[in-house]
Amino acid sequence: MPRIPHTSPQTLLLFSALLVDPSRWRYGYDLSRETGLASGTLYPILMRLSQQKLLDADWQPSDEPGRPPRHTYRLTADGAALARQRLAAAAADAPAPATRLAFGAR
Amino acid sequence: MTASREVASEHVVRRLARFALTVAVRGRRANGGPWGEAILAEFAQTCGQWEAIRWAFGGIRAALQERRAAHRELPRRVRIRRRAIRFVLTAGLAAFVLQQWVLTFSYQPSPAMAPTLQTSDYFLSDRIGFRLIGLDRGDIVVYQPSDDPGGTAIRRVIGLPGDRIDCRAGLVVRNGAEVGEPYLPADCIPTIVPDGSVYLLADNRAMANQTDPVVDADQVQGRMVARLWNGGPESWLAPPARSDTR
């Protein structure tokens, strides 16, 4: 049976972080801090989501002068719908959501 | 101005992490892919050395993944050419390492080991195995003679440490017993092989017995494992003839 895409604990963590305020543009570093995902895990997920048009990516000038522009992200409408669906499915699947969340957040 | 001063005052660990990440993202180009550049731009947000290292380490993995994906997008012809170049470079390096330290392909320029090895023979010698399992009597070894730094010579191991070597009527006598080797006559000074040394003689004794047969074991560089073929004087493979008869 093929694996269902976008169901890994890491992707779900990223979905919940992005769904806090879906219209806000988010920075990669802040997402990494919030989800606890290392850059080597976070960015491949962002790349995959962006390639499948589930995520918008844009360059925005940095708030601090003299710094290079920063890459920002937010879910597209499709992405947000998929993220909600996946998170709901994961919550329904897990017999003990508390332990699952604790495991994922480590 | 501010930015450059900040970079200059950065901790050395952070500077190294930033450098490694920049190389992984950009390589020799001025700009890397958008995702690699994004990770590089976020590097400035990290605080302290450990976070910088962690960010750079993960960033390198992500940047390499981006580069691999970009590589898959290249035309087939370019990918095949790059793979061919990589293969040739790797094979060349492997051949060099092998020839230099593992299994050496050499040329015998003199008749010193005739009839076992003829002039212009090519042979293979093992450079590691004999160090692990030791030398034995009768082995043919390549060594570096004391009177010819940088040069090599090839001889047969006659005696190991503690062996008493003597010559009687042109035959080599080891520990009182004649060494039954049908080579050309030998003439030698009675010797007990000291510790850490080996006693070496050429098979073609008339040609090559002018050197001291007691050689420090450290001077042995390899043990012959196979004679390959004869290059012959007319062979294009044969280097110019050498005048010495080692």
Side-chain angles (χ1 to χ4, degrees), chain A residues 3 5-6 8-15 17-18 24-76 79 104-106, chain B residues 1-10 13-26 29-74:
Chain A
R3 214 170 61 86
H6 313 302
S8 73
Q10 292 84 357
T11 308
L12 295 181
L13 273 170
L14 177 63
F15 280 158
L18 287 169
R24 209 171 106 214
W25 288 97
R26 305 298 313 274
Y27 294 120
Y29 176 74
D30 299 348
L31 287 173
S32 163
R33 285 296 293 265
E34 263 173 53
T35 57
L37 296 175
S39 51
T41 309
L42 173 70
Y43 277 88
I45 298 173
L46 291 173
M47 286 184 218
R48 199 159 50 231
L49 293 175
S50 159
Q51 200 194 358
Q52 297 174 10
K53 305 266 186 291
L54 299 169
L55 186 82
D56 277 334
D58 193 20
W59 289 97
Q60 285 178 7
S62 173
D63 347 315
E64 293 158 74
R67 287 269 171 84
R70 294 174 69 182
H71 214 205
T72 58
Y73 317 98
R74 71 176 183 197
L75 290 167
T76 61
R106 254 149 53 94
Chain B
M1 235 17 239
T2 346
S4 66
R5 205 179 311 130
E6 261 173 47
V7 170
S9 66
E10 231 181 356
V13 171
R14 286 185 57 90
R15 262 160 43 206
L16 277 174
R18 183 198 288 275
F19 175 75
L21 182 59
T22 310
V23 168
V25 168
R26 297 185 179 160
R29 293 161 303 166
N31 280 296
W35 292 97
E37 287 294 329
I39 301 167
L40 199 52
E42 295 298 288
F43 182 86
Q45 303 298 317
T46 60
C47 332
Q49 301 167 30
W50 288 114
E51 213 184 42
I53 290 172
R54 196 157 170 265
W55 189 263
F57 190 76
I60 288 168
R61 276 200 300 154
L64 292 181
Q65 188 177 326
E66 188 187 16
R67 285 175 78 161
R68 275 198 300 273
H71 182 257
R72 281 195 291 274
E73 301 296 309
L74 287 171

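The structure presented is a predicted model; accordingly, all values stated were derived computationally and were not measured.
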For this session: Mark yes or no for whether Glu42(B), through its side chain, and Tyr29(A), through its backbone, hold a donor-acceptor pair below 3.5 Å.
Result: yes
Seminar exercise, completed: Comparing Ala41(B), Ala69(B), Ala62(B) against chain A, the one with the most heavy-atom pairs below 4.5 Å turns out to be Ala62(B)
For this session: Check whether more than 12 heavy atoms from other residues, nucleotides or ligands sit under 6.0 Å from atom OH of Tyr27(A), and answer yes or no.
Result: yes
Exercise. Which distance, rounded to the nearest 0.5 Å, do you find between the CD1 of Ile39(B) and the OG of Ser32(A)?
Worked result: 10.5 Å
For this session: May I ask you to decide if the ring planes of His71(A) and Trp35(B) are parallel, tilted or perpendicular, using 30° and 60° as cut-offs?
Result: perpendicular
For this session: Could you look at Thr41(A) and say if it's the side chain, the backbone, both or neither that has a heavy atom under 4.5 Å from chain B?
Result: both
For this session: Could you tell me which non-hydrogen atom of Trp59(A) sits nearest to which non-hydrogen atom of Pro34(B), and how far apart they are?
Result: CZ2-O, 3.5 Å
For this session: Go through the atoms of Gln65(B) and report whether side chain, backbone, both or neither lie under 4.5 Å from a heavy atom of chain A.
Result: side chain
Exercise. If you tally heavy-atom pairs under 4.5 Å against chain B, which of Pro68(A), Ala57(A), Pro69(A), Gly28(A) wins?
Worked result: Gly28(A)
Problem set entry | Arg74(A) atom CZ, over 12 foreign heavy atoms within 6.0 Å | yes
Exercise. Does the distance from a Lys or Arg side-chain N to an Asp or Glu carboxylate O, for Glu37(B) and Arg70(A), drop under 4.0 Å?
Worked result: no
